[in-house]
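Here is the naming used below: chain letters follow the sequence lines, and residue numbers restart at 1 for every chain. Because only heavy atoms are used, hydrogens play no part in the values below, and waters and symmetry mates are left out as well, while side chains stay in.
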2 protein chains.
Amino acid sequence: MEKMLSQSIEDYLKAIYEVESSEEKVSTSALSEKLGVSPASVTSMVKKLSERKLITHKRYQGVKLTPAGRKIALEIIRHHRLVELYLKEALGVPWDQVHQEAEKWEHVLSEDLEDRIDKFLGYPVTDPHGSPIPRRDGTMIVRQCDALVDVEPDTLVKVVEVSDHDPELLRYLGGIGLYPETEMTVVSKQPFKGPIIVELTGKEYPIGRNAAKYILVEKANN
Amino acid sequence: MEKMLSQSIEDYLKAIYEVESSEEKVSTSALSEKLGVSPASVTSMVKKLSERKLITHKRYQGVKLTPAGRKIALEIIRHHRLVELYLKEALGVPWDQVHQEAEKWEHVLSEDLEDRIDKFLGYPVTDPHGSPIPRRDGTMIVRQCDALVDVEPDTLVKVVEVSDHDPELLRYLGGIGLYPETEMTVVSKQPFKGPIIVELTGKEYPIGRNAAKYILVEKANN
DNA sequence: AAAGAAATTTAGACAAGACTAAAATAATTT
DNA sequence: AAATTATTTTAGTCTTGTCTAAATTTCTTT
Ligand SMILES: [Mn+2]
Ligand SMILES: [Mn+2]
Ligand SMILES: [Mn+2]
Ligand SMILES: [Mn+2]
């Protein structure tokens with residue numbers, strides 16, 4: 001049952017899953033960008049993944065995960081997020097560094113160790129950045145939430161999730177105490193694409209429009 | 001300063017170090033055997049490692065680590081042994097499984113994580129099988145001890161180290177309570193290459209000659 | 001000392017995964 | 001609708017690390 005997949009294949013499937021969850025089409029260029037390889041390299045890997053029935057591909061039209069491919073992607077994402085949380089909880093790795101470490105560890109985690117870590121953490125459902133952890137059976141809850149950048153001023157919101165890709169942003173947010181589950185008020189959106197001002201723990205902080213795209217929130221139930 | 005070395009190179013250097021510590025010469029065939037690759041593959045990697053000045057090589061005469069190569073080997077062995085101990089202590093992985101896991105994790109451990117694990121464990125000096133953990137500076141204590149198979153009957157000995165390579169042996173030894181630091185008496189050596197009988201916690205157990213080569217002991221001070 | 005056996009190296013091939021440059025196709029402007 | 005631009009694919013090359021088969025060197029026997 002267990003096929004041995006290369007780290008490269010695992011990273012491609014994960015990237016395709018991630019692009020699928022935010023973009024309409026999963027284009028060669030999007031994957032090229034995300035994985036830091038040339039478009040030509042993406043095309044050749046796409047061919048291989050198609051042959052293995054892990055994705056479908058219409059020439060020039062982008063790719064799509066098959067159920068088998070999606071299952072593997074979620075397996076790797078589960079590893080990634082469990083490891084992130086484990087590193088933070090068990091070894092005190094700061095939340096802006098866990099992503100980078102997990103990027104390597106996700107590929108060498110045995111099923112046995114996955115279970116031990118899961119148990120140690122008390123079967124958690126979200127990682128340190130608020131992203132949901134896929135279940136062992138290859139399913140994952142999808143939540144409904146808004147990007148901070150789209151929220152109207154004067155709204156009380158609760159942070160749901162923060163992108164884990166930019167360590168510098170994470171350090172800034174950690175510095176002002178903005179984590180998943182934090183409640184805050186959107187005070188104003190400065191004109192001319194200026195920052196969004198939020199208030200938490202009695203102080204006001206600016207958050208750039210671009211950063212605010214990567215902070216997901218839900219309206220606080222008052 | 002930090003060169004990025006492939007997992008393969010790291011495994012070769014580690015294997016060379018390990019063969020060096022037990023055999024006179026580090027032969028192509030010994031490495032081939034240990035790494036599970038063909039002799040021809042060893043020769044070609046040996047050429048590469050020589051060019052990088054990590055080993056010296058006299059044609060048909062075996063290889064030797066340079067100081068630079070030895071330092072890297074010990075770095076990997078340090079990772080390996082810290083991870084083994086960590087998995088056992090922090091996640092309860094049984095001692096017969098830690099080696100297999102560590103074989104993969106040793107290559108993806110950052111210096112930061114290495115330090116965190118070291119600290120968590122209280123700066124340990126031996127791994128679960130009793131092998132010394134190299135220090136950060138690339139040095140390691142070498143101990144003087146005897147293989148159990150060479151000990152005369154009627155001697156009280158203390159277990160120093162057990163080979164981590166055979167899970168089945170480790171399970172057997174764990175089952176009879178034979179771990180590093182355990183004291184036991186060598187009762188007899190059965191004739192015709194028969195087993196060695198040891199006594200611990202009041203009971204006698206047989207240990208095959210071959211297994212006894214991989215159990216290192218010292219005379220108990222008493 | 002020579003022959004035979006064993007170990008090592010060379011030669012040549014292959015698979016994975018990347019790259020660049022050029023060709024093909026699709027999307028956008030004019 | 002044609003021309004221009006952008007995206008994607010193809011073609012061909014490279015590196016890493018492996019393999020098998022053949023040649024070379026060393027070791028062991030006689
Ligand atoms: Mn990865
Ligand atoms: Mn995360
Ligand atoms: Mn290894
Ligand atoms: Mn060990």
Qualifying residue for salt bridge (Lys or Arg N to Asp or Glu O under 4.0 Å) with A:Lys14, from A:Glu103, A:Glu20, A:Glu75
A:Glu103
When the distance from [atom1] of [X] to [atom2] of [N] is rounded to whole Å, what number comes out?
X       : N      : atom1 : atom2 : value
A:Lys48 : C:dA16 : NZ    : C1'   : 5 Å
B:Lys25 : D:dT25 : NZ    : P     : 18 Å
A:Glu24 : D:dT7  : CD    : C1'   : 18 Å
A:Leu35 : D:dT8  : CG    : P     : 14 Å
B:Ile9  : D:dT15 : CD1   : C1'   : 12 Å
A:Gln7  : C:dA18 : CD    : C1'   : 14 Å
B:Leu31 : C:dT8  : CG    : C1'   : 12 Å
B:Lys58 : C:dA7  : NZ    : C1'   : 17 Å

If only side-chain N and O atoms of [X] are considered, is one of them under 4.0 Å from the OP1 or OP2 phosphate oxygen of [N]?
X       : N      : value
B:Ser41 : D:dC19 : yes
A:Arg59 : C:dA26 : no
A:Ser38 : C:dA18 : no
A:Thr43 : D:dT9  : yes
B:His57 : C:dT8  : no
A:Tyr12 : C:dA18 : yes
A:Ser6  : C:dG17 : yes
B:Ser44 : D:dG17 : no
A:Lys47 : D:dT10 : yes

Comparing nearest nucleotides in DNA chain C, the 5'-proximal residue of the pair A:Ala40, B:Ala40 is B:Ala40
Comparing B:Val26 with A:Ser8, nearest DNA chain C nucleotide closer to 5' gives the residue B:Val26
Less than 3.5 Å between a donor and an acceptor, one on the side chain of B:Tyr60 and one on the base of C:dT9, is that the case here?
no
Taking the basic N atoms (NZ, or NE/NH1/NH2) and the acidic carboxylate oxygens, is any pair closer than 4.0 Å for A:Arg116 and A:Asp112?
yes
Neighbour count above 12 (heavy atom, 6.0 Å) for B:Lys104 NZ
yes
Centroid-to-centroid, B:His129 to B:His99, below 6.0 Å?
no
Taking the side chain as every heavy atom from C-beta outward, state whether A:Lys88 and A:Val93 have any pair of such atoms under 4.5 Å apart.
no
Nearest-0.5 Å distance, CG of residue A:Leu85 to OG1 of residue A:Thr126:
7.0 Å
Under 4.0 Å, heavy atoms only, any strand: does B:Thr28 hit a base, just the sugar-phosphate, or nothing?
sugar-phosphate
